[in-house]
Participant: 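Just passing along the structure, written as structure tokens.
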Amino acid sequence: MTGLRLFSFAGALLISLSSLAQNIVNNDSTLVVADNQEAEVAFNAGNDFVAQKNYQEAINSFTKALSINPRFSKALVNRGFAKSEIADYSGAISDFTMAIELDGSAIAYYGRGLAYFNKNNSNDALSDFEDALKAGYTETKVYYYAGVAGFECGSYEDAISNLTLAITLDGNNAQAYNDRASAKRMKEDYDGAIADYQTAIKLDPKLATAYNNLASALLKKGNIDDAISNYGLAISLDQEYFIAYNNRARAKFEKNDFDGMIADCQKAIDINPEYAYAYNNMGIAQMKKKDYDAAYQSFSKAIQLNENFAEAYLNRGSCQEMQRKFDEAVADWRVAYKLGVTKAKNYISFYE
């Protein structure tokens, strides 16, 4: 009753905080409180520090402006972006929230959305990006990040819609094509995904993630050789791209190239020793080569790194079954079943 499942992580999306230089709110002649030239001077000094990428001094200057004029919304917004640049996302959220409460600042919704996203809070990020759009901040980057946040929330149709709007506004946005393709791939529109990945690559031939993701879509279509080739192109652009090594191992599994699979998994592990998926995939290849002791060690390492790795428990159980350790196999399958692998119940019932 042996069963193996290859578990691969495609790494479909990358997101980075937009540069503060692109988000900075410039001063104008209208301030909330009269006779506050000193606040304006401090605010402009903060903007100058931003231009120099001296974010801590920028924060200090914006704080000085706010000490003079606590209702200076633009200073709150710019201090929020400066805090985001130094990864003080909680502080940024606080500043953006105060700006929103003062005047419903559209750019503050956008900035807070970025901060939430960087705190791995995609739901609140998506809500803020949508509010930024409703408030009139309809720049390409807002649609883009709304699309990315929608993807992370599993709202693939909304992600495609927002990323399409981003592409409509900026047809040269390679990352938007790459990410829309990933949303299409999640909806099993592999042809649409492949077309978008190819456009992303045409726009940016050095976008390693697009080659990796294109390969994964090609693999879903059964184009194994083309998938292996594109994983290789991703790796050639980024020698540290451990996910692409792991994914190429998956493709090599389809060709019964178990030695090549082990080599790619080992490379992924060399780059990132904490990458549990590569250990699981290596264990599968080792089992195929009937090296059960090595496979057991690989599955155990995957479980050590991720105690909720259901497939690794399932596979380790199968490995122990092959070694005639039936009680140990059933114990692992019970864990796999508890973690959501329903077919593990069939394995268990075979020995009950």
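Here the structure is a predicted model, which is why all the values come from computation and not from measurement.
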Participant: If we check side-chain contact (heavy atoms from CB on, under 4.5 Å) with Y177, which of these qualifies: L203, L163, N172, D204?
Facilitator: L203
Participant: Do N213 side-chain atoms and T209 backbone N/O form a donor-acceptor pair below 3.5 Å?
Facilitator: yes
Participant: Please tell me if the side chains of Q286 and I262 come closer than 4.5 Å, counting only heavy atoms from C-beta onward.
Facilitator: yes
Participant: Would you say the side-chain atoms of S236 and Y211 include a donor-acceptor pair closer than 3.5 Å?
Facilitator: no
Participant: Following the transitive rule for hydrophobic clusters with a side-chain heavy-atom cut-off under 4.5 Å over Ile, Leu, Val, Met, Phe, Trp and Tyr, establish whether I243 and I271 coincide in one cluster.
Facilitator: yes
Participant: Do you reckon F62 sits in the same ILVMFWY cluster as L102, going by side-chain contacts under 4.5 Å, direct or chained?
Facilitator: yes
Participant: So, for F129 and Y109, is the gap between ring centers shorter than 6.0 Å?
Facilitator: no
Participant: Tell me whether M282 shares a hydrophobic cluster with Y292, the cluster being built from Ile, Leu, Val, Met, Phe, Trp, Tyr side chains joined at under 4.5 Å.
Facilitator: no
Participant: Go through the steps for Y55 and F81 under the test ring-ring contact (aromatic ring centres under 6.0 Å, His included), then give the verdict.
Facilitator: CA-CA 9 Å; Y55 300 117; F81 280 117; over 10 Å; no
Participant: Distance-only, no hydrogens or angles: does the N230 side chain make a donor-acceptor pair with backbone N or O of D226 under 3.5 Å?
Facilitator: yes
Participant: Can the ring centroids of F43 and F72 be said to lie less than 6.0 angstrom from one another?
Facilitator: yes
Participant: I need the D293 CG to Q323 CD distance, nearest 0.5 Å.
Facilitator: 5.5 Å
Participant: Measure from the side-chain N and O atoms of D189 to the backbone N and O of R185, and report whether any donor-acceptor pair falls under 3.5 Å.
Facilitator: no
Participant: Taking the side chain as every heavy atom from C-beta outward, state whether F242 and N246 have any pair of such atoms under 4.5 Å apart.
Facilitator: no
Participant: Ignoring hydrogens and angles, tell me if any N or O in the side chain of S84 forms a donor-acceptor pair with the backbone of G80 under 3.5 Å.
Facilitator: yes
Participant: Does the pair N162 and Y145 meet the rule for a side-chain hydrogen bond (donor to acceptor under 3.5 Å, both in side chains), with working shown?
Facilitator: CA-CA 8 Å; N162 279 310; Y145 286 118; over 6 Å; no
Participant: When you look at S161 and Y143, which way does the side-chain hydrogen bond (donor to acceptor under 3.5 Å, both in side chains) test go after all the steps?
Facilitator: CA-CA 9 Å; S161 177; Y143 287 112; over 6 Å; no
Participant: Centre-to-centre under 6.0 Å for Y231 and Y241, is that the case here?
Facilitator: no
Participant: Is Y137 linked to F96 within one hydrophobic cluster, defined over Ile, Leu, Val, Met, Phe, Trp and Tyr using a side-chain heavy-atom separation of less than 4.5 Å?
Facilitator: yes
Participant: Flag yes if more than 12 heavy atoms outside Y337 fall under 6.0 Å of its OH atom; otherwise flag no.
Facilitator: no
Participant: Evaluate side-chain contact (heavy atoms from CB on, under 4.5 Å) for D196 paired with Q198, printing each intermediate quantity in order.
Facilitator: CA-CA 5 Å; D196 272 354; Q198 289 172 335; over 6 Å; no
Participant: Carefully, step by step, assess K220 and E188 under the rule salt bridge (Lys or Arg N to Asp or Glu O under 4.0 Å).
Facilitator: CA-CA 9 Å; K220 284 290 188 179; E188 300 184 358; over 6 Å; no
